[in-house]
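Take a look at the structure set out below.
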Amino acid sequence: VQLQAFGGGSVQVGDSLRLSCAASGPDLRTDAMAWFRQAPEKEREFVAVIRWNGGSTYYADSVKGRFTISRDNAKNTVYLQMNSLKAEDTAVYYCAADQYGYSTVVDEYDYWGQGTLVTVSS
């Protein structure tokens, strides 16, 4: 499975941004897709996860109510709609695929995209 994330950029506090993550490869069976982020000098942290089948979602408390994860199964693409962005949302955002699970833990994920930088300034 290959993941390609894109859509990052530089925005102002309060703005919105949508990230996309396209999955490709000969075996696309995954149970869940997620977004993580890593700010400078910080650990990579969970942001949101969605099940491919059923579409159930779960969010980190820090983004709940502002971010929405969704998927388009036909396009093998996962999205992260980010609204009301804050300066502390500045990070490199990574999408990840979990073939056999639905987790918030970095080490549980089998495949990772290359990351896309989101910078939120005031």
Side-chain angles (χ1 to χ4, degrees):
V1 177
Q2 295 178 331
L3 305 176
Q4 185 170 6
F6 50 94
S10 295
V11 297
Q12 300 291 313
V13 169
D15 284 351
S16 298
L17 205 59
R18 188 176 82 155
L19 306 182
S20 301
C21 176
S24 61
D27 181 7
L28 291 180
R29 185 196 180 284
T30 59
D31 278 349
M33 294 283 290
W35 290 95
F36 290 79
R37 66 186 181 186
Q38 188 165 17
E41 301 181 0
K42 291 192 175 181
E43 299 281 326
R44 192 170 297 189
E45 65 174 7
F46 167 78
V47 175
V49 61
I50 187 167
R51 284 193 188 278
W52 270 120
N53 296 315
S56 59
T57 59
Y58 184 77
Y59 298 90
D61 288 343
S62 59
V63 307
K64 202 172 294 182
R66 300 187 299 122
F67 290 11
T68 302
I69 188 171
S70 61
R71 88 264 190 249
D72 183 332
N73 290 37
K75 295 182 179 179
N76 293 323
T77 299
V78 173
Y79 305 97
L80 185 68
Q81 177 65 44
M82 305 184 293
N83 298 330
S84 302
L85 282 161
K86 304 176 180 180
E88 50 264 43
D89 294 320
T90 295
V92 176
Y93 284 71
Y94 298 90
C95 61
D98 188 347
Q99 286 195 306
Y100 304 105
Y102 177 72
S103 174
T104 65
V105 178
V106 170
D107 291 345
E108 294 292 321
Y109 282 78
D110 304 291
Y111 302 99
W112 291 85
Q114 81 285 7
T116 184
L117 177 62
V118 173
T119 303
V120 185
S121 56
S122 56

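Here the structure is a predicted model, which means the values were calculated and not measured.
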Within 6.0 angstrom of [X] [atom1], more than 12 heavy atoms from elsewhere:
X: Glu88; atom1: CD; result: yes
X: Gln114; atom1: CD; result: yes
X: Lys42; atom1: NZ; result: no

Could you tell me whether the side chain of [Y] reaches within less than 4.5 Å of the side chain of [X], counting heavy atoms only?
X: Val1; Y: Asp110; result: no
X: Leu19; Y: Val118; result: yes
X: Arg37; Y: Ser62; result: yes
X: Asp98; Y: Thr30; result: no
X: Glu108; Y: Tyr100; result: no

Tell me the closest heavy-atom pair linking [X] and [Y], and the distance in Å.
X: Ser16; Y: Gln81; result: CB-NE2, 3.9 Å
X: Ala23; Y: Leu3; result: CB-CD2, 3.6 Å
X: Thr116; Y: Gly8; result: OG1-N, 3.0 Å
X: Met33; Y: Cys21; result: CE-SG, 3.9 Å
X: Ala5; Y: Cys95; result: CB-SG, 3.9 Å

[X] (side chain) donor-acceptor with [Y] (main chain) under 3.5 angstrom:
X: Thr57; Y: Ile50; result: no
X: Asn73; Y: Trp52; result: yes
X: Ser103; Y: Gly101; result: no
X: Tyr59; Y: Ile69; result: yes

Give, for atom [atom1] of [X] and atom [atom2] of [Y], the distance between the pair rounded to the nearest 0.5 Å.
X: Trp35; Y: Glu45; atom1: CH2; atom2: CD; answer: 14.5 Å
X: Leu85; Y: Ser122; atom1: CG; atom2: OG; answer: 13.0 Å
X: Asn53; Y: Arg29; atom1: CG; atom2: CZ; answer: 8.5 Å

Do you reckon Val63 sits in the same ILVMFWY cluster as Val120, going by side-chain contacts under 4.5 Å, direct or chained?
yes
Does Val105 share a hydrophobic cluster with Val78, counting links as ILVMFWY side-chain heavy atoms below 4.5 Å and allowing steps through other members?
no
Apply the hydrophobic cluster definition, ILVMFWY joined by side-chain contacts under 4.5 Å directly or through others, and give me every member besides Val106.
Phe36, Phe46, Val49, Tyr58, Val92, Tyr94, Tyr102, Tyr109, Trp112, Leu117
Assess whether a salt bridge exists between Lys86 and Asp89, defined as any Lys/Arg side-chain N lying under 4.0 Å from an Asp/Glu carboxylate O.
no
